[in-house]
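Data block below; observations after.
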Amino acid sequence: MIELVNVTKTYENVTAVDNVNLTIPKGEIFGIIGYSGAGKSTLLRCINLLEKPTEGQVLINHTDLTALSKLEVRKERLKIGMIFQHFHLISSAKVYDNIAFSMLAAGKTKDEIKERVPELLEMVGLSDRADHFPAQLSGGQKQRVGIARALANDPTVLLCDEATSALDPNTTASILKLLKEINERLGITIVLITHEMEVVQQICHRVAVMEDGKVIEVNEAYELFADPQTPLAKQFVQTVHSLTLPDRLLAARTGSIVQITFRGHSAEDSIISETINRFKVIVNILHGQINYIQDRPLGILIVEIKGDAPEIKRAIEYIINRTNHLEVIANVS
Amino acid sequence: MIELVNVTKTYENVTAVDNVNLTIPKGEIFGIIGYSGAGKSTLLRCINLLEKPTEGQVLINHTDLTALSKLEVRKERLKIGMIFQHFHLISSAKVYDNIAFSMLAAGKTKDEIKERVPELLEMVGLSDRADHFPAQLSGGQKQRVGIARALANDPTVLLCDEATSALDPNTTASILKLLKEINERLGITIVLITHEMEVVQQICHRVAVMEDGKVIEVNEAYELFADPQTPLAKQFVQTVHSLTLPDRLLAARTGSIVQITFRGHSAEDSIISETINRFKVIVNILHGQINYIQDRPLGILIVEIKGDAPEIKRAIEYIINRTNHLEVIANVS
Amino acid sequence: MSPELFNEFGIAFLETAWMLAISVTFSVLIGVPLGIGLFVTSEGMFWQSQVLQNISGTIINIIRSIPFVILLVVLLPLTKLIVGTSMGPTAASLSLTVAGIPFYARLVENSLREIDKGVIEAAESCGASPWLIIRKVLLPESKSGLIGGLTVTVISLLSYSAMAGMVGGGGIGDLAIRFGYYRYQNEVMAITVVFLIFLVQLIQFLGDRAANAADKR
Amino acid sequence: MSPELFNEFGIAFLETAWMLAISVTFSVLIGVPLGIGLFVTSEGMFWQSQVLQNISGTIINIIRSIPFVILLVVLLPLTKLIVGTSMGPTAASLSLTVAGIPFYARLVENSLREIDKGVIEAAESCGASPWLIIRKVLLPESKSGLIGGLTVTVISLLSYSAMAGMVGGGGIGDLAIRFGYYRYQNEVMAITVVFLIFLVQLIQFLGDRAANAADKR
Amino acid sequence: ACTSSEASGDKKELKIGATSGPYADQLRESIIPLLEKDGYTVKLVEFNDYIQPNRALDEGSIDANVFQTSVYLEAFNKEHNTNLAIGDAVPTAPIGLYSEKHKDVSDVKEGMKLILSNDPVSMARALQMLDRFGWITLAGEIDQSRASENDIVENKYNLEIIAMDGAQLPRSLGDTDFAFINGNFALASGLNLEDAVLLEDTPPEFMNNIAFREDDLEESFAEAILNAYHSEAFLQYTNEQNAGFTKPDYQK
Ligand SMILES: Nc1ncnc2c1ncn2[C@@H]1O[C@H](COP(=O)(O)OP(=O)(O)OP(=O)(O)O)[C@@H](O)[C@H]1O
Ligand SMILES: Nc1ncnc2c1ncn2[C@@H]1O[C@H](COP(=O)(O)OP(=O)(O)OP(=O)(O)O)[C@@H](O)[C@H]1O
Ligand SMILES: [Mg+2]
Ligand SMILES: [Mg+2]
């Protein structure tokens, strides 16, 4: 478990992190989003004390890192893996030795290293690359080495600073899958910064939104998308749910156009089907997106409802009743 | 118009670009995607001869750049703006002077520069930052300066190498909007490399898929998503259309589960509604995504069809008839 | 310090200042273009030329490998031709200049190498001419490094100038050798060494400040 | 070349080799740790200490600001104490070493500065001890730069060693000075200078090759 | 003074120091071969400096040196508290006044340029000659080991006096009216001693000497070295190679 208590980090004249309080339970995948310069990296780096907070405490499993000596901090870091956007591998060391380095740091013996490194390589699918230098690997492969290195000492916490931003969609997908697996299989707590909302959507349980060094919103990933609390979060979410209809389409429609948000159970019920059966209306799905966030569906559909005005009205009332979220975009009839 | 004829670029032992033929008509936004190291940047840099092709011709508006003298190439470059992932602004020059530089390169007079630069700053929304140094700007602001610089000499072609990869979703959205506007308002041809499929989806008219230096697929952006031709393109598209249902959901279902792809007209018709009206079935939308690519809808829905087996069968046949794209995922009944 | 010594010291200081002024000025005037030349003819740059690289690289290495005393002797005919005399501070300055040029040129080249290649490329993609790139990108972007290199060059030339006494150039270093060493006047030695150290620290301090002020990153 | 001169030349070469061997060895043995010390006590590094930085920076600047000729003289008592004699190649080596240490230390520091800070940070985030980071990250990652710096140091010490003649150190540079400067035998001077140039080019060539081979980026 | 390491009389391995030039040549070409015939192994150490050879002699790094005048040696002994002693004089190249433009001392004019060596002893010799010409006035008796331009109390012709490295003097001869050039450098640069405007009539205190540690004066190696200098063979060498040198008493 990670607890940040009143954490503040000030550089000469900049307050990069401003009085942040956060509790991240064991086994959670916790996302941090926000504009460039919001303080995301600084906050993340405060967790393993790469950046010493100016004020406040960082507790990992109830141990206050800020109260520890340098040596003790080093020991704690063995339990905190970190993955970097730009990999930061030792360019003069082979893949094997890059991973071994991390175990040497933990004081592991040669034999332990010899046993463990191949396992790790296997896990990240790089068994055949042990003898390559980083310069001979692709971006995704380098990042896998970074992950293997971060996991070498069986950490309980994994910190990722934009670990997939520089990667192509396929590689990103494979790395997210790996992270999710690790989280599920080993119960590792993962804190990750990203500017890709799909990453949040695909693997985060909860998310913090940062602005000007402050955490302005902490929300379940699902809730963040379904019902963002702050304007900033709304903006970010909209970039994913940008359900704007082409003018051409709007112009050609004859019925009422409504946007319906289906959350949780309502998304799994056949509400559209039932509406069609109950009322004399035709429902045409114009636009929409259903995302499964933490295996829970969040659906947004823009539909056109055609029929007699009273019927449409009743249909809309019915849908509101079932979903609680309906917004009329255009009412032609 | 950009024509690449048999363009090949070889370094000592690597063929970074391998016999590429492409024609990009005026006013098009053309995307390039592919794995890291596929040769995307090299190809793009061949267009303005930052990289001189080992073989082949690069024609811009029918002028063969590879046949020109250095001086003439410089003149042609005035008509080709370029935007870089890492901005590459002159750190010792103010925003104003960074943009002015580009005009100095074109031999513009002081007066012309004095008139044009504020216009450009206005266009990218940075009028109040003229006197700032790059170090005092946010990532998005730096990129806007980069765009203003690239547009300073009214180019007919704009080359972008991962211009939004390092930016947060909001900034990315605002820059894409700007690019789209420029393209529509000024008719500038834009060639852009990206690893973000949403970027392709949002602004590209056509897309080239590269692998090992070769262009293995050139497709309309819409077709790329609707019907990718190569396995690589399929993989990339899937990262956007990753319609995987949680096991929990699949297990609990009682009807047939089918995936339907709606393209073009079929997406604008109310097929689901009609199916429900025509047959004795209940249709429950489990998952789905409708994207408007170049204002044309492309929809993928996973629906559960419940009812009597023969009815379901007829419903499915009807849908196939109307959409041509239906795939049965699970047949419970 | 006796009045004569004080006087002597003043003259020596002026001689050193004069030698440095000349040699630093010309090291900059010739070293900067040379350094730029080395850079822009290097691989991947706009005037790439392996031949020019090799020739200039070799000449620079040659000058740098000749002991300064020998350089002084070898250059006498040239000194005579240019300065009109083979002795005195001005004559010594020529040898200092010849030693200073390749030294500073290399440092200039190194500073230019540290400029982000992407910025130069961006300038090229604008269609900028090499001259414009040199004036508006290379020089401003490396200003801080150029000043830092200049500091190192001035200090090195100050150190070399101690040998200027061989051709009657005088200066502070020569004072230390002639009086401090040959004539056992330890206080002269001590004073000059302390003064030299002070001077170097001052040069370094001013150089560092100027370099920082020039850095906009 | 007469047989005696040839002989003289051989001896001079051995003397130079000996002076370089000693001074380069100790410049490395002391300069590398010192350079590492300078780096790891700099801002943001794990043993950050402004005090140590200032002290060592000042000492280095002081040594570097004293002209080598004067350094040679000032160090004589120390030389006597350590080497047992104040003359000959071994004695000269001590002054060369004292001049070489801060020179190489600065170059080592500069090479270390060029290591991607992120790699060091990644190592720290692994919980690695400073020693492990020095051994497994700093040294291997800067190997190419360290070799490049060593090349520069060797060439500079070779150039300095020409002044070793002052304390009877001999060597090739001294041979050039003795014959070329003191005896007006221009042809001997020419031969030695050519030899020196050749030697410098050779050192540079070998250094460049080794540095390239060490670069895994 | 330092101890000489081998006090025994049968020391056979010698190191002799000299400054580059005729004194080193005398040793290399005549004296050392003579000594080697006597069964000695001799190493010649060349210096480019006037202090190090004495230091080295004092600390026992070398066994004898040849480069200095008696005046210089006495001053050195006093300054450094050493016990170095003179064995005997050697043929000495006289310092001379040279000029490319003038033929006689009387050609001196107001504001002329004059260059001389910057080492104290050579400078003292030059200054004393100038004093004798009546060009300048020195402040009484000058310290031979510390003399400098500062000892001049009156500069009658307002001569511009520039001190520089001794070996550099012949090279700058063309840029000056007069130059005091040490004989060794004059010869090395191709000047003839006879071409001098005026040669120093070297007084005994300005003869160059072979010096030993005082304790070693009686040692057999010192005797052997002196014998070599006193030999007929060396006289012959002197006549052939060192024409124009001022000869020590034993060669007269
Ligand atoms: N060493 C430092 N000295 C001074 N200011 C700093 C330092 N490091 C970071 N900052 C400032 O602190 C603020 C937060 O920086 P941080 O890197 O945490 O932002 P971020 O949210 O990670 O941004 P990005 O998305 O661009 O990585 C910024 O304003 C930055 O300029
Ligand atoms: N100067 C060069 N010398 C040798 N090989 C090079 C050079 N530049 C690029 N390459 C190689 O050419 C290939 C294509 O590189 P390129 O940068 O075009 O790829 P990319 O598709 O842009 O990749 P990324 O998505 O990582 O930017 C790579 O294998 C790369 O290693
Ligand atoms: Mg960050
Ligand atoms: Mg690229």
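What you see is a predicted model; the values in this text were computed from it and never measured. Computation of the quantities below employed the complete heavy-atom set of this structure, encompassing side-chain atoms and omitting hydrogens, waters and symmetry-equivalent molecules. To find a chain, count down the sequence lines: A is the first, B the second, and so on, and within it residues start at 1.
In terms of heavy-atom pairs under 4.5 Å with chain B, the best-connected choice from A:Asn277, A:Ile300, A:Ile272, A:Asn291 is A:Asn277. Interface summary for chain A: among B:Thr194, B:Asp269, B:Thr171, the most heavy-atom pairs under 4.5 angstrom belong to B:Asp269.
With a 4.5 angstrom heavy-atom cutoff, A:Leu301 touches chain B only via side-chain atoms. Contact annotation for A:Val281: only backbone heavy atoms (N, CA, C, O) come within less than 4.5 Å of a heavy atom of chain B. Contact of B:Glu198 with chain A is made through the side chain alone, with heavy-atom distances under 4.5 Å. With a 4.5 angstrom heavy-atom cutoff, A:Gln235 touches chain B via backbone and side-chain atoms both. Only the side chain of B:Pro297 has a heavy atom closer than 4.5 Å to any heavy atom of chain A.
In this structure, A:Ile282 CD1 and B:Glu274 CD are separated by 6.0 Å, a value rounded to the nearest 0.5 Å. For the atom pair CG (B:Leu286) and OG (A:Ser270), the distance works out to 9.5 Å, reported to the nearest 0.5 Å. With rounding to the nearest 0.5 angstrom, the CG atom of B:Asn170 is 9.5 Å from the CD1 atom of A:Ile33. Atom CZ of B:Phe236 is separated from atom CG of A:Asp168 by 4.5 Å, given to the nearest 0.5 angstrom.
For the residue pair A:Gly139 and B:Ser36, the shortest heavy atom distance occurs at N-OG, 4.3 Å. Taking both residues in full, the closest heavy atoms of B:Ser165 and A:His195 are given as O-NE2, 2.9 Å, listed atom of the first, atom of the second, then distance.
Heavy atoms of other residues, nucleotides or ligands lying less than 6.0 angstrom from NZ of A:Lys280 number 12 at most.
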| Test log, rule side-chain contact (heavy atoms from CB on, under 4.5 Å), inputs A:Asn284 and B:Ser273 | CA-CA 6 Å; A:Asn284 183 11; B:Ser273 198; 6.0 Å; no

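Between A:Tyr35 and B:Leu167, the closest side-chain pair of non-hydrogen atoms is not below 4.5 Å. Under the 4.5 Å side-chain criterion, counting only non-hydrogen atoms from C-beta, A:Ile285 is in contact with B:Ile285.
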